[in-house]
2 protein chains.
Amino acid sequence: MDQGTQKRRGRRAAGEDTKSALLAAAREVFVERGFDGATVRMIASRAGVDAAMVNHWFGSKEGLFAQAVLQVPIDPNELVRRLLDGPADEIGYRIVRTFLTIWDATGGGQFVALIRSVTSHEGVAKVLREVFLNTIFKQITTELGLDQSELRATVCATQMVGLGMVRYVVHFEPLASTPVETLVGMIGPTMQRYLTGPLA
Amino acid sequence: MDQGTQKRRGRRAAGEDTKSALLAAAREVFVERGFDGATVRMIASRAGVDAAMVNHWFGSKEGLFAQAVLQVPIDPNELVRRLLDGPADEIGYRIVRTFLTIWDATGGGQFVALIRSVTSHEGVAKVLREVFLNTIFKQITTELGLDQSELRATVCATQMVGLGMVRYVVHFEPLASTPVETLVGMIGPTMQRYLTGPLA
DNA sequence: TCTAGTTTTCAACAGATGTTGAATATGTGC
DNA sequence: GCACATATTCAACATCTGTTGAAAACTAGA
């Protein structure tokens with residue numbers, strides 16, 4: 001038999017960072033299957049290591065999920081600053097463009113993982129609420145000095161969450177393949193009205 | 001010991017329809033936990049019967065899910081007819097009002113169950129696409145004789161799916177508690193523009 | 001080279017899961 | 001009443017889950 005394919009025990013050469021390999025594999029599998037659907041053995045297998053490595057490096061499946069998916073990859077304040085930078089009557093367009101650009105870069109990765117884990121995982125709904133709503137939209141609505149800022153923020157959330165769902169999770173065509181700028185032209189006015197327009 | 005609480009074997013009195021009890025319990029549990037999160041034992045326990053009844057009456061967990069959640073409770077054609085009945089320049093408002101009214105009646109039940117099962121269950125994304133998109137929105141857009149009917153249909157889907165997500169799944173306040181007619185006034189114009197307005 | 005420390009695999013665990021076959025108790029038709 | 005059909009529970013199954021303790025293999029320093 002081919003001994004080369006056998007897994008060898010013991011410490012490896014310093015280069016093969018298995019911790020990073022696990023994080024990368026975990027992001028993939030959590031995106032595909034959600035927290036419950038993903039198994040420690042799947043993740044370890046894809047990373048090419050034993051399942052026990054998850055507990056060794058991250059303590060538990062939970063710890064791996066927290067480090068792989070639950071942390072926000074970009075600074076929310078920096079994001080809000082970027083969104084507010086420009087004419088106020090075009091902020092709706094900038095929001096759609098910015099989110100789609102960020103999400104498209106990873107195929108919707110983190111967003112999909114969160115959605116797919118809403119059931120299983122405790123912190124997911126909280127993270128969605130905190131980051132997506134409180135940290136971003138509520139900050140924008142208050143910064144712009146709008147009335148009914150909470151309601152405006154949540155209505156904005158409906159449109160953006162739905163956009164992410166349809167484009168990345170359920171893949172409704174042709175929207176899933178529509179260019180970003182086309183969607184900006186269609187959905188931008190909606191966001192603009194939700195933010196600065198009359199609500200009735 | 002109290003013999004009354006003991007479970008008795010054998011055929012029961014004709015009145016206690018355990019099949020219906022299982023269906024009702026299944027809807028509850030599938031809504032709360034999704035397909036994977038729900039266990040046969042949970043459902044059976046809530047229905048007050050043994051877990052083996054699921055396989056006896058529905059063949060498998062899969063079969064129970066299909067009959068409890070995956071089937072559409074209302075006739076899509078009837079729904080489309082109802083939505084098209086009225087002035088064309090108010091159909092966006094009617095769509096929002098109709099969906100919210102139907103969903104609110106069950107606390108978003110079926111919608112939540114589908115969303116919570118998107119990961120686990122094969123047919124869920126297909127059902128969402130078929131019913132929600134092809135059967136309803138595409139039918140409306142073509143019936144109204146609009147250009148780019150597919151794209152309009154999917155954009156409408158983003159808004160309605162997102163509305164359902166925020167109101168019933170992640171419960172963002174204050175939107176989750178906002179009266180239907182307020183939301184109709186806010187989101188109705190969006191749907192109207194997605195359907196009959198200019199897209200650029 | 002010897003020793004200490006760390007990384008990794010291995011083997012096993014305890015619990016939960018969907019499913020199945022048999023035993024049992026109840027109805028129903030004669 | 002008696003025989004048959006069936007609804008129901010029970011017990012067990014094989015499998016999969018996350019986790020753990022220990023053994024093994026490797027690296028690094030003295």
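By convention in this document, chain letters (A, B, ...) are assigned in the order of the sequence lines, proteins followed by strands, and residues within each chain are numbered from 1.
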Checklist line | Near-strand residues of residues 24-32 of chain A, defined as heavy-atom separation under 4.0 angstrom from DNA chain D | finding: none
Item checked: Separation of atom CZ in Arg41(B) from atom P in dG18(C), rounded to whole Å -> 7 Å
Check: Is the backbone N or O of Phe35(A) less than 3.5 Å from a side-chain atom of Ser117(A), with the two atoms forming a donor-acceptor pair by type?
Finding: yes
Next item on the list: Return the value, rounded to whole Å, for the distance between atom CG of Leu22(B) and atom C1' of dT9(D).
Entry: 14 Å
Check: Cys156(A) and side-chain contact (heavy atoms from CB on, under 4.5 Å): which partner among Ile140(A), Ile95(A), Leu195(A)?
Finding: Leu195(A)
Notebook entry, point to check: Nearest-Å distance, CZ (Phe35(B)) to P (dT17(C))?
Noted result: 13 Å
Next item on the list: Could you identify which residues of residues 54-71 of chain B place a heavy atom less than 4.0 Å from some atom of DNA chain D, listed by residue number, or say none?
Entry: His56(B), Trp57(B)
Margin query: If the cut-off is 4.0 Å, is Thr18(A) near the phosphate of dT8(C), judged by side-chain N/O to OP1 or OP2?
Written below: yes
Donor-acceptor pairs under 3.5 angstrom involving side-chain atoms of residues 64-72 of chain B: please list them, not counting sequence neighbours.
| residue | atom | partner | partner atom | Å |
| --- | --- | --- | --- | --- |
| Gln71(B) | NE2 | Gln67(B) | O | 2.8 |

Quick one: side chains of residues 126-133 of chain A, donor-acceptor pairs under 3.5 Å with protein atoms, not counting sequence neighbours, listed by atom name and distance.
| residue | atom | partner | partner atom | Å |
| --- | --- | --- | --- | --- |
| Arg129(A) | NH1 | Val170(B) | O | 3.0 |
| Arg129(A) | NH1 | His171(B) | O | 3.3 |
| Glu130(A) | OE2 | Asn134(A) | ND2 | 3.4 |

Checklist line | Axis deviation across the helix from dG15(C)-dC16(D) to dC30(C)-dG1(D), five-pair ends, to the nearest 10° | finding: 10°
Check: salt bridge (Lys or Arg N to Asp or Glu O under 4.0 Å): which pairs involve residues 102-117 of chain B, sequence neighbours left out?
Finding: Asp104(B)-Arg167(B)
Notebook entry, point to check: For Thr190(B), which residues count as a side chain to side chain donor-acceptor pair (under 3.5 Å) partner, sequence neighbours excluded?
Noted result: Arg193(A), Tyr194(A)
Could you list the donor-acceptor pairs under 3.5 angstrom formed between side-chain atoms of residues 177-187 of chain B and any protein atom two or more places apart in sequence or on another chain?
| residue | atom | partner | partner atom | Å |
| --- | --- | --- | --- | --- |
| Ser177(B) | OG | Glu173(B) | OE1 | 2.8 |
| Ser177(B) | OG | Glu173(B) | OE2 | 2.9 |
| Thr178(B) | OG1 | Pro174(B) | O | 2.8 |
| Glu181(B) | OE1 | Arg97(B) | NH2 | 3.3 |
| Glu181(B) | OE2 | Arg97(B) | NE | 2.7 |

Note to self: How many whole angstroms separate atom CG of Asp50(A) from atom C1' of dA24(D)?
What the structure shows: 13 Å
Next item on the list: Between Ala52(A) and Met42(A), just flag the one whose closest nucleotide in DNA chain D comes earlier from the 5' side.
Entry: Met42(A)
Check: Can you list every salt bridge (Lys or Arg N to Asp or Glu O under 4.0 Å) pair that touches residues 29-42 of chain A, not counting sequence neighbours?
Finding: Glu32(A)-Arg46(A)
Item checked: Sequence-distant partners of Asn77(B), side-chain contact (heavy atoms from CB on, under 4.5 Å), two or more places apart -> Asp75(B), Gln139(B)
Item checked: salt bridge (Lys or Arg N to Asp or Glu O under 4.0 Å): pairs with one or both residues in residues 53-71 of chain B, sequence neighbours excluded -> none
Next item on the list: Not counting sequence neighbours, which residues clear salt bridge (charged side-chain N to carboxylate O under 4.0 Å, His left out) with Asp147(B)? List them please.
Entry: Arg152(B)
Next item on the list: Check the distance between dT8(C)'s P and Met53(A)'s CE and give it to me in whole angstrom.
Entry: 5 Å
